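Just so we're on the same page: letters track the sequence lines, and every chain starts at 1. Treat the numbers as computed from the prediction; the structure is a model and nothing was measured.
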Amino acid sequence: MSLDLILANLLNPAVLFFVLGLVAVLVHSDLELPAPIPKALSLYLLLAIGFKGGVALRENNGDAALPVLGAALLMSVVVPLYVFPLLRLRLRVPDAAAVAATYGSVSAVTFVTASAFLQRANISYGGYMVAALALMETPAIAVGVVLARIAQRDHAEGFDLKALVHESLFNGSVLLLVGSLLIGYIVGSEGGSALKPFTEALFPGLLSLFLLDMGLVVGRRLRELRQLGAFPIVSALLLPLLNAALGLGIAYALRLAVGDALLFVVLCASASYIAVPAAMRQALPQANPALYVGMALAITFPLNVILGIPFYLSAIRALWG
Amino acid sequence: MSLDLILANLLNPAVLFFVLGLVAVLVHSDLELPAPIPKALSLYLLLAIGFKGGVALRENNGDAALPVLGAALLMSVVVPLYVFPLLRLRLRVPDAAAVAATYGSVSAVTFVTASAFLQRANISYGGYMVAALALMETPAIAVGVVLARIAQRDHAEGFDLKALVHESLFNGSVLLLVGSLLIGYIVGSEGGSALKPFTEALFPGLLSLFLLDMGLVVGRRLRELRQLGAFPIVSALLLPLLNAALGLGIAYALRLAVGDALLFVVLCASASYIAVPAAMRQALPQANPALYVGMALAITFPLNVILGIPFYLSAIRALWG
Amino acid sequence: MSLDLILANLLNPAVLFFVLGLVAVLVHSDLELPAPIPKALSLYLLLAIGFKGGVALRENNGDAALPVLGAALLMSVVVPLYVFPLLRLRLRVPDAAAVAATYGSVSAVTFVTASAFLQRANISYGGYMVAALALMETPAIAVGVVLARIAQRDHAEGFDLKALVHESLFNGSVLLLVGSLLIGYIVGSEGGSALKPFTEALFPGLLSLFLLDMGLVVGRRLRELRQLGAFPIVSALLLPLLNAALGLGIAYALRLAVGDALLFVVLCASASYIAVPAAMRQALPQANPALYVGMALAITFPLNVILGIPFYLSAIRALWG
Amino acid sequence: MRPIKRVEIITDALEIERVAQLLEQHGVTGYTIIRDVIGKGERGIRRGDELSGVFKNSYLLTTCEPEQLPAIVEAVRLILQQRGGVCLVSDAMWVKH
Amino acid sequence: MRPIKRVEIITDALEIERVAQLLEQHGVTGYTIIRDVIGKGERGIRRGDELSGVFKNSYLLTTCEPEQLPAIVEAVRLILQQRGGVCLVSDAMWVKH
Amino acid sequence: MRPIKRVEIITDALEIERVAQLLEQHGVTGYTIIRDVIGKGERGIRRGDELSGVFKNSYLLTTCEPEQLPAIVEAVRLILQQRGGVCLVSDAMWVKH
Ligand SMILES: Nc1ncnc2c1ncn2[C@@H]1O[C@H](COP(=O)(O)O)[C@@H](O)[C@H]1O
Ligand SMILES: Nc1ncnc2c1ncn2[C@@H]1O[C@H](COP(=O)(O)O)[C@@H](O)[C@H]1O
Ligand SMILES: Nc1ncnc2c1ncn2[C@@H]1O[C@H](COP(=O)(O)O)[C@@H](O)[C@H]1O
Ligand code: NA
Ligand code: NA
Ligand code: NA
């Protein structure tokens, strides 16, 4: 059953283009998407998903929104709290804190791939799930930094809370996502119809192109991963499963609809490789980016995108009965 | 009534994305569209608007075209002639001449936003209005430069008329706009149908993305504007209104249809921040680009895009009765 | 008759945008598509044509495929074999070998323009023609290099066959084309429908934009071509006709359908300016890129795109009766 | 032409604005930045291929008077220690204009 | 290796082609251009974020023989006076090949 | 600060990875690359406007100890002979950190 879903997911052209990117690195091809095309694609995805979510939010009955938004916020705070001590078994404080933040935060592209998967399977989901995505992007950063400060008993340096809150609320990707969500909400389905060819019809194609680039990036990182040792690799395989399991429990307790549940679990399972590294570079410069980005990007991302999404869905179907 | 229109204009997603860009600068976000995406978007807009205009020109009865094209040419010559002495009250000769040229010329994006506004309001307009846009882009440059030469009694240096004419006719944006117009005209509606998904369906989305970037650029410029003093700021607020009023009178005298009238007034009210600065840099290097670009971009552009377009339309409706 | 077709081809907006690019260079305009937009467009075209071909291959009855694929492979090996001695009349060994490889290989954009021409003329063609395109991209490179080695009796340096095969199979454009073909084949028409707005609806528009850039590049190269002397220019005019004639004969012998025949002839007539130069730079650094790229790009490409395609079609129609 | 110190700094793309501010605080009046350069150093390869900006460098070129140099070098050194990168100082002649 | 003068010029992106032509007129045979660099100088910040190209710089690197230098510097100086920018000259060794 | 040799190499964009590998083989530990620079030299104009990468250069900046220099220069010279480009060596001070 789960295998069927994995196959269905693999028949998603976007996922296949991701695999093509991996293959290109494997065979040492010189295929590459020149900068800044990937950055532009990533901005497009945020704009489109935000806008679509906003329009949906307006149309939807929003009653189902509050519990899932609350759960999202909770998870983004709680995940780093239990991930940090686990990682401390082997990692230095700044590295453990940065990885904890990475797994508390989320990956928009994993979310987007999951929502494309739902669409192909004709399973609906609420527009507020995009708000959940936005909500989970940054609190984990603050938690991670605070954890590091406490563990290092480092109060001297003057913890720049203001800068951290600012970075959390106004970093480019969060702002674009939230701004597009608001714009979609304001203009609604009728006002937004002119944007549909851009935000919806083009979406699967541009997502495929972006995932092709992700495949190239992940492929290159995979090669360099061995140098990090076994612990980070194993952690990057187990943490998403652990977080997904917890998310699954919460989704079950809240009796979320299947589509919402899958997206929520995927958010919990995913790890950030855009917002968190940029913030950590400022707030925890002692942490090793090759470690936390490598884990999120080279292992957790493909795990979720290729196997995780269909696997989580079959778990949900089994539980929801 | 005018307020209703302002609101209707604000419900245009493109305008809201412009506001989002402004907000991003205001909150010191790091959101940005990486170069050369904005340049590519700007080329797209010119190509699409030109092509669409050409196709429309072919279908249209072109009888209405001649008077409005004549008026357009006239305005682009006359505007600098009266703007220059006004500005000389406070500005140096090269600065006054450059600003005069800036306001005699036009902003394609303002035009495009106005035409999107018309489309949303189901008001039609002639394809020849795109020809008017092209026609108004550059004569003001020549007028501005000649004004500066006369005022400076500077005949020695050998006024390079040939270079100026060349720059006016063949600068990249004019050539792309006119070329696309011709191509649209040649292939007509049937031959051009294959391009529609690109030139029409995508248009509102890509315009939104471009206006997001414009919001970022304008926001940054706004911050630096204070250094220019009050006179340029006040001028940048009043000149578009003055030019719009004159344009309105001419449109009324020519009994233009409502849609054509709005676009004509918007062309008169708008100021150039692409073609003119590039040309002035060569022809009047003594002029301060922070001044003329700042006025056109940071004040006149948002004024027109947010308030001007709906305001001019309500004036037209009131007058036309 | 042929004139009608030439006109029909010229009414293709994409071809007109190519002409616009040429004109822009002619009048010394500063119009340009900023890097890396052309590269991104070229990747898009490969992805789209590959994907479309893959989907078509799946739907199609593939019986017609084998003979044409065999012929394609044959031509890409044979063309350099007879082009090389012809060129040796005047060119140095490495130059002759590089040019021979250039004409044995193919131009994806010429292929794409021809397929757009067919679509406008409502002539169908098989999805396997894309496989033929992929198949012809690289064998000629190996043949060219081997020819150079033999002619120079240069066995000392250790001919790096492995690198050459690798480059041939896994260079970026071939990999993207073949990968997209496979993905299209795997997901089929239903699974691929979500990508249609991207790969099909946008195609004519993005091809136009790309051909605008090609016009600019070709225009610039044309200017510099005189320095190469008459022999290369004449060769670049005659070689495509020679290769087209041979291709025509084979297509006739194989009784290919009209659409397939045109694409096959166009492949034979076209010359590579992406894959071959990149490979030659490594394998035959003594060859002069201004020569082989100039011939392929500045003469053969426009010849095929503007006159060749309609001319080949009228020849096919005349022969097929 | 007059002698001047030519200072070039390569560091994290995310850091370059801060370096520029620092230089201005130390009296530097002009500089040039090349965004998005790539490279390799003690902290490994930076291929510029990720979206976070963390694996991307920027290059900054500036000039200063010889007497400004020690303070500038001291300030830059601190950033380089935290975020990585290099700083090279060489002699040049400034073309007065 | 032989000693050579290394000349770098940063100015308005719109002007750089003209600088290159000028250099060729003065006998320079090779140069390298980095388009679209940003910076700050007497004429304020150039962030490269506008479409006119007016607020964007380009960087040009070239070399010349010591005896060519004065004429080149003189020619470049004129452009810099009009359009802004800087020119730095330093000593380098040219790797013959 | 300590004295160091500053080496800059401009060559075919397709070649720059190989130059970097070569430098590493000769003990260089860090370098910076600016991709996609354009220019002119003995082999004509390279405008970077074609898709093959053949008419595009890359710029590489690195440093080495004076005693490493001869071997590096020798290695680079070979590539430049085949593929074109230039190599300049100058003196600089390395800001220790
Ligand atoms: N010796 C060097 N020469 C030129 N650039 C260097 C050198 N060492 C480091 N870099 C640049 O500085 C960046 C950061 O260096 P690091 O902090 O040593 O990893 C590298 O990615 C390179 O771009
Ligand atoms: N001291 C300097 N060092 C490096 N670049 C400079 C310096 N001064 C000016 N520039 C560059 O030259 C451009 C124009 O300078 P300016 O004409 O002084 O505004 C600036 O935007 C910088 O990119
Ligand atoms: N004297 C020079 N100064 C700076 N760059 C140069 C010089 N000569 C050549 N180049 C660069 O090296 C590339 C290849 O040079 P060449 O092999 O001489 O054609 C040129 O396209 C320029 O970018
Ligand atoms: Na998570
Ligand atoms: Na105007
Ligand atoms: Na061929």
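Atom CD1 of residue Ile38(F) and atom OH of residue Tyr31(E) lie 8.0 Å apart, to the nearest 0.5 angstrom. The distance from the CG atom of Asp36(E) to the CG atom of Asp36(F) is 11.0 Å, given to the nearest 0.5 Å. Note that CE of Met93(E) and OG of Ser90(F) are 10.5 Å apart. Values are rounded to the nearest 0.5 Å. Between the CZ atom in Arg47(F) and the CZ atom in Arg35(E) there is a gap of 10.5 Å [rounded to 0.5 Å]. In this structure, CZ in Arg6(E) is found 4.0 Å from CD in Glu8(F), a value given to the nearest 0.5 Å.
With a 4.5 angstrom heavy-atom cutoff, Arg46(F) does not touch chain E via any of its atoms. For a residue to count as touching a neighbouring chain, one of its non-hydrogen atoms must lie under 4.5 Å from one of that chain's; by this rule Leu69(F) touches chain E with the side chain only. Interface residue Leu80(F): backbone and side-chain heavy atoms are both found under 4.5 Å from chain E. Only the side chain of Thr63(E) comes within less than 4.5 Å of a heavy atom in chain F; its backbone stays farther off. With a threshold of 4.5 angstrom between heavy atoms, Leu60(E) does not approach chain F through any atom at all.
Between Leu88(F) and Ala92(E) the shortest heavy-atom distance is CB-CB, 4.4 Å.
In this structure, Glu65(E) places its CD atom where more than 12 heavy-atom neighbours from other residues, nucleotides or ligands lie under 6.0 Å away. The number of heavy-atom neighbours closer than 6.0 Å to CD of Glu24(F), taken from other residues, nucleotides and ligands shown, is above 12.
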Leu61(E) and Tyr59(F): side chain to side chain contact (heavy atoms under 4.5 Å, CB included), yes or no, with the steps?
CA-CA 11 Å; Leu61(E) 172 68; Tyr59(F) 170 105; 4.0 Å; yes
Side chain to side chain contact (heavy atoms under 4.5 Å, CB included) between Thr29(E) and Glu42(F), intermediate numbers included:
CA-CA 7 Å; Thr29(E) 57; Glu42(F) 291 165 20; over 6 Å; no
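Of the listed residues (Val37(F), Val89(F), Asp91(F)), the greatest number of heavy-atom pairs within a distance under 4.5 Å of chain E belongs to Val89(F). Interface check for chain E: of the options Ile9(F), Val7(F), Val86(F), Ile45(F), the most heavy-atom pairs under 4.5 Å are formed by Val86(F). Options Thr32(E), Ile34(E), Thr62(E) differ in how many heavy-atom pairs under 4.5 Å they form with chain F, and the most are formed by Thr32(E).
Proximity of Val76(F) to Val95(E): side-chain heavy atoms (C-beta onward) are nowhere separated by under 4.5 Å.
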